[in-house]
> 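Questions regarding the structure given below will be posed in turn.
Everything numeric in this text was worked out from a predicted model, so none of it was measured.
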Amino acid sequence: MTYLKKALLTSLLAACFGLLGACAEKQSSEVSSNETTVSSKKEDGDMIRLRINGTEFHVVLEKNSAVKKLQEILPDTFSMNDLHQNEKYYDLSQKLPTNAQRVGMIEAGDVMLYGNSTLVIFYHSFETSYSYTRIGRIKNEGNLADQLGNGALKVERIH
């Protein structure tokens, strides 16, 4: 009888550990799944995708009140005009909160707010004495001058 009890107890313990392992594995996969969802949402919140001249660009966003308001009001499609052969700009329909600072150096790919209602994408790097509120930076800028071309262009916001 002692042998039977030991065998039964060993079998029960093995079954319990097996069940616990399966539960832990399931819980671990649920946590991983939730973490993926959270990071996807976080990435979406910190980035805007734009299609310009058929090319998709990812704008990594700053964390400020101007960006928050911009995400609420930016239309699905809009046109940007060229200025000084180094930037594209779009006049927004509403004013945004600002935190303008003298940036000193503009880098190709910088996305800024000029004043309180002009969205600017720079496609050349240069020094400046102007003040801007930082909106973000194009992540995959490549050669923006070639990609954005001359003159006005149509921009589509990708959701």
> To the nearest 0.5 Å, what is the distance between CG (N64) and CG (L70)?
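The distance works out to 9.5 Å.
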> For atom CD of E72, decide whether the heavy atoms of other residues, nucleotides or ligands shown that lie under 6.0 angstrom number more than 12.
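Atom CD in E72 is packed in, count exceeds 12.
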> Before you tell me yes or no, could you show the steps for H58 and L50 under side-chain contact (heavy atoms from CB on, under 4.5 Å), namely the whole-Å CA-CA distance, both residues' side-chain angles and the distance that decides it to 0.1 Å?
CA-CA 6 Å; H58 299 154; L50 302 174; over 6 Å; no
> Count I, L, V, M, F, W, Y as connected when their side-chain heavy atoms are under 4.5 Å apart, and connections chain through other members. Are L144 and V103 then in the same cluster?
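Not linked; separate clusters.
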> Whether the side chain of R102 engages the backbone of Y130 through a donor-acceptor N/O pair (distance < 3.5 Å, no angle test) should be reported.
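Checked: no pair found.
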> Is it the case that more than 12 heavy atoms not belonging to Y114 sit under 6.0 Å from its OH atom?
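Incorrect, the count does not exceed 12.
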> What's the verdict on side-chain contact (heavy atoms from CB on, under 4.5 Å) for V67 and Q71, showing C-alpha distance, side-chain angles and the deciding distance?
CA-CA 6 Å; V67 168; Q71 288 178 300; 4.0 Å; yes
> Please report the C-alpha distance between E156 and I52 in whole Å, then the side-chain angles of each, then the deciding distance to 0.1 Å, and finally whether the side-chain contact (heavy atoms from CB on, under 4.5 Å) criterion is met.
CA-CA 7 Å; E156 295 175 69; I52 305 172; over 6 Å; no
> Is it true that a side-chain atom of K88 and a backbone atom of G151 form a donor plus acceptor pair closer than 3.5 Å?
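Yes; judged by distance alone, with no hydrogens or angles, the pair exists.
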> In the single-linkage hydrophobic clustering (I, L, V, M, F, W, Y; side-chain heavy atoms under 4.5 Å), do Y90 and V59 co-cluster?
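Yes; V59 is reachable from Y90 via cluster members.
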> Under 3.5 Å, is there a donor-acceptor pair between the side chain of R134 and the main chain of E62?
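No, R134 side chain to E62 backbone: no donor-acceptor pair under 3.5 Å.
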> Do I121 and I138 come close enough that some side-chain heavy atom pair is under 4.5 Å?
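Sidechains of I138 and I121: in contact.
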> Can you list the steps and then say if E56 with R49 is a side-chain contact (heavy atoms from CB on, under 4.5 Å)?
CA-CA 7 Å; E56 185 173 320; R49 295 182 312 147; 3.2 Å; yes
> Using modelled atom types only, decide if a donor and an acceptor are shared between the side chain of T133 and the backbone of N99 within a distance under 3.5 Å.
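Yes: the side chain of T133 pairs with the backbone of N99.
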> By the definition side-chain contact (heavy atoms from CB on, under 4.5 Å), identify the one residue from V111, V120, I48 that meets it with I135.
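Testing each of V111, V120, I48 against I135, the sole residue satisfying side-chain contact (heavy atoms from CB on, under 4.5 Å) is V111.
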> About how many Å separate CG of L148 and CG of N86, when rounded to the nearest 0.5 Å?
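The distance works out to 11.5 Å.
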> Is there a donor-acceptor contact under 3.5 Å from the side chain of S125 to the main chain of A108?
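A pair under 3.5 Å: yes.
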> Between the main-chain N or O of A100 and the side-chain N or O of T98, is there a donor-acceptor pair closer than 3.5 Å?
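No; judged by distance alone, with no hydrogens or angles, the pair does not exist.
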> For atom CZ of F126, decide whether the heavy atoms of other residues, nucleotides or ligands shown that lie under 6.0 angstrom number more than 12.
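Count over threshold, so yes.
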> Which value, rounded to the nearest 0.5 Å, describes the distance between L153 atom CG and D82 atom CG?
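Here the rounded value is 8.0 Å.
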> As an exercise, state the distance from OG of S93 to CG of L74, rounded to the nearest 0.5 Å.
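S93 OG to L74 CG: 9.0 Å, rounded to 0.5 Å.
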> Starting from I158, can I reach F78 by hopping between I/L/V/M/F/W/Y residues whose side chains sit under 4.5 Å apart?
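No, F78 does not connect to I158 through the hydrophobic network.
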> I need the M112 CE to E87 CD distance, nearest 0.5 Å.
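CD of E87 is found 10.5 Å from CE of M112.
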> Can V60 be reached from V155 by stepping across I, L, V, M, F, W or Y side chains whose heavy atoms are under 4.5 Å apart?
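Different clusters: V155 never reaches V60 through Ile, Leu, Val, Met, Phe, Trp or Tyr contacts under 4.5 Å.
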> Does a side-chain N-to-carboxylate-O contact under 4.0 Å join R137 and D110?
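A salt bridge is present here (some side-chain N lies under 4.0 Å from a carboxylate O).
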> Could you tell me the separation between the NZ atom of K69 and the NZ atom of K95, rounded to the nearest 0.5 Å?
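So the NZ of K69 and the NZ of K95 are separated by 13.0 Å.
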> Take the angle between the ring planes of Y132 and F122 and call it parallel below 30°, perpendicular above 60°, tilted in between.
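Correct class here is perpendicular.
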